[in-house]
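Naming: A, B, ... by sequence-line order, numbering from 1 per chain. Not measured: the values here are computed from a predicted model.
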Amino acid sequence: MRFYKELVKGLWAQNPIFRLVLGMCPTLAVTTSLANAIGMGVAVTFVLACSNMVISAIRNIVPSKVRIPCYVVVIATFVTLVDRVMNGFAPDLHASLGLFIPLIVVNCIILGRAEGFAARNTVLLSAADGVGMGLGFTLALSIIGTCRELLGAGTLTLWKDVPLIEHIPGFTPIALMILAPGGFIALGSILALMNNLQATLAKRAGKTIPPPVHLDCRHCVICKWGQ
Amino acid sequence: MKETLKLTFILTIICLIAGALLAGVDILTREPITQVKQKLHQKSLDEVLPPHDNSPVSDSVNVTHGGQDWTFYIARNQGQFAGAAVETVSPDGYSGEVRLMFGIGADGKSIGISILAQKETPGLGANIDTPGFKNRFVGLDLQKTNWKVKKDGGDIDHITAATISSRAVVDAISNALEAFNAHRQTIENGK
């Protein structure tokens with residue numbers, strides 16, 4: 001039961017992008033198309049699940065004073081591993097994703113989940129958290145990517161050669177949407193929409209609106225650990 | 001003191017394990033990665049070379065022009081010069097280098113280009129790697145064409161909203177052409 005709960009929380013209730021607002025740099029950088037968003041999401045999900053499991057397994061050995069360097073070593077190892085293996089054995093995938101893989105090292109979702117979850121939970125639960133958060137990340141990137149690609153290029157491509165929508169008749173693409181400002185505009189609008197939706201739903205159910213757990217200072221683990 | 005030693009020890013052990021793991025992965029993947037690179041190189045050569053019966057990779061000519069080393073891969077039919085391909089790079093892309101393979105025919109016309117590496121903006125500059133743009137470089141007269149984008153008064157139609165990326169491609173080609181023109185005899189004669 002607990003396993004299931006940790007798995008699904010990343011999708012909506014604690015979505016890393018829309019609720020925790022983590023990993024904004026890759027979010028803005030790679031969401032220019034749906035294919036990119038899905039590719040980045042899959043790569044992050046894999047690294048996140050693996051690093052979560054390893055960090056959870058070594059959580060009792062690693063002294064708290066050097067935990068961050070240890071986590072970074074573990075994460076960087078997995079990222080390099082994925083990069084090399086993909087390059088050698090899945091060259092097509094690597095050709096379209098190669099650019100984003102090194103970006104995963106600095107994706108703060110991974111370190112955030114290591115510090116906030118894997119360091120205090122069992123291997124099994126950490127794996128569930130990693131997969132759930134990764135899927136939530138993929139979902140969020142796909143939503144943003146879909147909006148930006150549709151508005152900015154007028155196309156929608158699921159994968160390299162699988163176009164869903166090739167051309168919208170009578171629609172001139174707004175190039176701004178696939179440039180950097182478009183990323184901020186799309187992310188901001190979707191965030192606002194999500195918050196509004198969540199507030200409306202909570203109101204209708206007669207509940208108070210829950211603040212995002214990790215943005216709430218009372219629950220912040222990082223300060224407590226330092227003491 | 002004791003704590004410092006313990007911290008150092010644990011961090012060292014973790015780094016050693018990570019290092020060993022990466023070394024293992026490197027040994028396992030080095031061979032396939034080299035093969036993939038060669039295959040890509042071969043593929044782009046096939047795209048921009050005319051039909052030939054020799055092996056352009058082993059039949060290549062190295063020349064120095066403008067302080068740069070150029071490797072021309074020569075295509076031959078029964079010993080006759082049929083065309084050449086050269087890898088050329090422009091550092092002036094919108095975000096970094098644009099690296100491409102340019103094919104030259106024996107009839108003095110361009111055969112085409114194949115983009116090897118680029119990091120241009122997806123949806124805009126990255127469109128230099130689409131057939132629509134690449135086909136603009138097929139069958140152009142090497143000497144008569146003004147190798148500049150239209151905005152700079154040349155003959156090459158650039159991509160709307162991606163002039164810088166288009167210009168980088170054209171620059172790379174015109175550099176390669178300069179080297180080809182200067183060393184034409186050497187290249188056609190081969191080794």
For the CZ atom on B:Phe133, are there more than 12 heavy atoms of other groups (residues, nucleotides or ligands in this structure) within a distance under 6.0 Å?
yes
If you take all heavy atoms of A:Gly88 and B:Pro32, which pair is closest and at what distance?
O-CB, 3.6 Å
Let me confirm one number: the CG-CD1 distance from A:Asp83 to B:Ile33, rounded to the nearest 0.5 Å.
7.5 Å
Can you spot which of B:Leu7, B:Ile14, B:Leu11 makes a side-chain contact (heavy atoms from CB on, under 4.5 Å) with A:Pro69?
B:Leu11
May I ask you to list the residues in residues 136-161 of chain B that approach chain A closer than 4.5 angstrom, counting heavy atoms only, ordered by number?
none
Count the heavy atoms of every other residue, nucleotide or ligand shown that sit under 6.0 Å from CZ of A:Phe46, and state whether that count exceeds 12.
no
Gap separating the CD1 atom of B:Ile17 from the CD1 atom of A:Ile58, nearest 0.5 angstrom:
8.5 Å
Top residue by heavy-atom pair count (under 4.5 Å) with chain B, among A:Ala180, A:Ala153, A:Pro63?
A:Pro63
Toward chain A, the part of B:Glu3 with a non-hydrogen atom under 4.5 Å
side chain
Look at atom CD of B:Gln80 and say whether more than 12 heavy atoms of other residues, nucleotides or ligands are closer to it than 6.0 Å.
no
Do B:Leu21 and A:Thr77 come within less than 4.5 Å of each other through their side chains, counting heavy atoms only?
yes
Ignoring hydrogens, what is the shortest heavy-atom contact between B:Thr29 and A:Phe89? Give both atom names and the distance.
CG2-CE1, 3.9 Å
Does any backbone or side-chain atom of A:Thr32 lie under 4.5 Å from a heavy atom of chain B? Answer side chain, backbone, both or neither.
side chain
Heavy-atom neighbours of B:Lys109 NZ exceed 12 at 6.0 Å:
no
